[in-house]
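All figures in this text were calculated on a predicted structure; none of them were measured in a lab.
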Amino acid sequence: MGIGLGIARRLGEEDADVLLLDVEAEAGAEAAASIGGAGTKTFRVCDVASDEDVRDAAAFAQSAWTHVDFLVNNAGIFPRHATCDMSEGEWRRVIDTNLGGAFHCVKYFVPLMRPDSGAGIINISSGRALEGAANGAAYSATKAGLLGLTRALAREFAPRGIRVNSVVPGLSDTAQPRLELSDEQLFAAGRTIPLGRIGLPEDIARGVAFLLSDEASYMTGQKLVINGGAIMA
């Protein structure tokens, strides 16, 4: 299970209506079907790097629910390339997906948020934004960019009562780190973390749910680092 699905399932447990967006039709539909709770669970194929795709997804949300309360920007790709070997096209693909995707979603979904209703936005960053990543310049740059975007949007939308925060996951039990680490290496790395394990999608989901709740009503422009103490920032 990835972090995005973990978050969707946690919000579903709280009976939220959930709209999932993903480029993979079959996987996205299966993910939506796996979310419990009393709310509506819907999936649409959407490439968040596409302004048009996100605009259409927001139009669908408006027709289904008239407004939205929360937006979680989690889409991200992490191709491993030495910087000097990375093509211009690959660089732009990472930027357009990881950072541009958040921009597109904010652009089209924030107008559907009611002022002073407790609405909130969460941008999912990464520990790579804080410590960098060898052979991951584009990924680190976009995840750091999301932290800057979070602060800018928090100031811009505060007068409307819309809070914007970011979550910074550490090494987690998902597919992404397995592109370069075996299970043995992954869990061995977890034992070097102060709390003694790698993170779970549920750990990140709990942080997101907290930031979207009324218990975090006086928090905006902040980053919540969830990494077992691996990076103390």
Q. Do V45 and E24 have side-chain heavy atoms sitting under 4.5 Å apart?
A. no
(Q) Per the side-chain hydrogen bond (donor to acceptor under 3.5 Å, both in side chains) rule, what does the pair list look like for residues 149-161, sequence neighbours excluded? (A) N123-T150
Q | From L181 atom CG to L186 atom CG, the distance as rounded to the nearest 0.5 Å | A | 6.0 Å
Q: Please report the closest heavy-atom contact between M113 and G120, naming both atoms and the distance.
A: CE-O, 3.8 Å
Q: Please report the closest heavy-atom contact between N73 and C105, naming both atoms and the distance.
A: OD1-CB, 3.2 Å
Q.
Could you go through I124 and V72, starting from their C-alpha distance and side-chain angles, then the distance that decides it, and tell me whether this counts as side chain to side chain contact (heavy atoms under 4.5 Å, CB included)?
A. CA-CA 7 Å; I124 305 299; V72 179; 4.1 Å; yes
Q.
Membership question, hydrophobic clusters at under 4.5 Å side-chain separation (ILVMFWY): are L211 and I162 in the same one?
A. no
Q | Gap between atom CZ of R163 and atom CG of L212 - 0.5 Å precision | A | 7.0 Å
Q: Quick one: closest heavy-atom pair of P194 and A230, and the distance?
A: CD-N, 3.9 Å
**Q.** Residue pairs involving residues 186-198 (criterion side-chain hydrogen bond (donor to acceptor under 3.5 Å, both in side chains); sequence neighbours excluded)
**A.** R197-D203
Q | Side-chain heavy atoms of F43 within contact of L21, under 4.5 Å | A | no
Q: Provide the closest heavy-atom pair for V68 versus A61 in the form atom of the first, atom of the second, distance.
A: CG1-CB, 4.2 Å
(Q) Apply side chain to side chain contact (heavy atoms under 4.5 Å, CB included) to residues T174 and I3 and explain how you reach the verdict. (A) CA-CA 7 Å; T174 62; I3 287 173; 4.1 Å; yes
Q. Crowded around D183 CG? As in, over 12 foreign heavy atoms under 6.0 Å?
A. yes
Q.
With a 4.5 Å cut-off on side-chain heavy-atom distances among I, L, V, M, F, W and Y, is there a chain of contacts connecting L130 to V167?
A. no
Q: Determine, for R206 against E202, whether the closest basic-nitrogen to carboxylate-oxygen distance falls under 4.0 angstrom.
A: no
Q) Should the pair W65 and F60 be assigned to parallel (<30°), tilted (30 to 60°) or perpendicular (>60°) ring geometry? A) perpendicular
Q: Could you tell me the separation between the CZ atom of R128 and the OG1 atom of T142, rounded to the nearest 0.5 Å?
A: 11.5 Å
**Q.** Heavy atoms of other groups near R92 CZ, more than 12 under 6.0 Å
**A.** no
Q.
Go through it in stages, so that I can follow the logic: the residues are L224 and V168, the test is side chain to side chain contact (heavy atoms under 4.5 Å, CB included), and I'd like the CA-CA distance, side-chain angles, deciding distance and then a yes or no.
A. CA-CA 6 Å; L224 180 62; V168 184; over 6 Å; no
Q. Do you know the tightest heavy-atom contact between W91 and A137?
A. CZ3-C, 4.2 Å
**Q.** side-chain contact (heavy atoms from CB on, under 4.5 Å) partner of C46, the single match among V23, D22, V54, L19
**A.** V54
Q. Looking just at side-chain N and O atoms, do D51 and Y108 make a donor-acceptor pair shorter than 3.5 Å?
A. yes
(Q) When you measure from the side chain of D96 to the backbone of G100, do you find a donor-acceptor pair of N or O atoms at a distance under 3.5 Å? (A) no
Q: Identify whether L71 and L11 are in the same connected component of the hydrophobic contact network (ILVMFWY, side-chain heavy atoms under 4.5 Å).
A: no
Q: Give the intermediate values and the outcome of salt bridge (charged side-chain N to carboxylate O under 4.0 Å, His left out) for residues R114 and D69.
A: CA-CA 7 Å; R114 298 166 298 173; D69 296 314; 3.1 Å; yes
Q) Would you say the side chain of V18 lies within less than 4.5 Å of the side chain of T42, judging by non-hydrogen atoms? A) no
Q) With sequence neighbours excluded, what pairs up with S50 under the side chain to side chain contact (heavy atoms under 4.5 Å, CB included) test? A) D47, E52, D53
Q. Between S172 and P201, is there a donor-acceptor pair closer than 3.5 Å when you use the side chain of the first and the backbone of the second?
A. no
Q. Got a donor-acceptor contact below 3.5 angstrom from the K41 side chain to the G39 backbone?
A. yes
Q. Hey, does F70 have a side-chain heavy atom less than 4.5 Å from the side chain of V208?
A. no
Q. Under 3.5 Å, side chain of Q222 to main-chain N/O of T220, donor-acceptor pair present?
A. yes
Q | Greater than 12 external heavy atoms within 6.0 Å of E88's CD | A | yes
(Q) Tell me whether N165 contacts the main-chain N or O of G221 through its side chain, where contact means a donor paired with an acceptor under 3.5 Å. (A) yes
Q: Show your working on side chain to side chain contact (heavy atoms under 4.5 Å, CB included) between Q176 and Y139 and close with a plain yes or no.
A: CA-CA 12 Å; Q176 189 184 87; Y139 182 82; 3.5 Å; yes
Q. Within the side chain of H67, is there an N or O that forms a donor-acceptor pair under 3.5 Å with the backbone of L112?
A. no
Q.
Determine whether a donor-acceptor pair (N or O, by modelled atom type, separation under 3.5 Å) exists between the side chain of R80 and the backbone of F78.
A. yes
Q | Verify same cluster id: L200, I7 (apolar side-chain graph, 4.5 Å) | A | no
Q) Between CG of L99 and NE2 of H104, what distance do you get to the nearest 0.5 Å? A) 10.0 Å
(Q) Please report the interatomic distance CG(N74) to OG(S125), rounded to the nearest 0.5 Å. (A) 11.0 Å
Q) From E90 CD over to I95 CD1, what is the distance, rounded to the nearest 0.5 angstrom? A) 11.0 Å
Q. Would you say F109 and L149 are hydrophobically clustered, going by side-chain heavy atoms of ILVMFWY under 4.5 Å?
A. yes
Q. Passes salt bridge (charged side-chain N to carboxylate O under 4.0 Å, His left out), E14 versus R10? Steps please.
A. CA-CA 7 Å; E14 299 184 10; R10 175 56 188 260; 3.3 Å; yes
Q | Pairwise side-chain contact, P169 with N227, heavy-atom cut-off 4.5 Å (strictly under) | A | no
Q: Determine whether S166 and L146 make a side-chain contact, defined as any pair of heavy atoms from C-beta on separated by less than 4.5 Å.
A: no
**Q.** Main-chain N/O of P177 paired to E180 side chain as donor or acceptor, under 3.5 Å
**A.** no
Q: Determine the minimum heavy-atom distance between A129 and L147, stating which atoms define it.
A: CB-CD1, 4.1 Å
Q.
I'd like to know if the side chain of S140 reaches the main chain of G136, judged simply by a donor and an acceptor atom lying under 3.5 Å from each other, with no hydrogens or angles considered.
A. yes
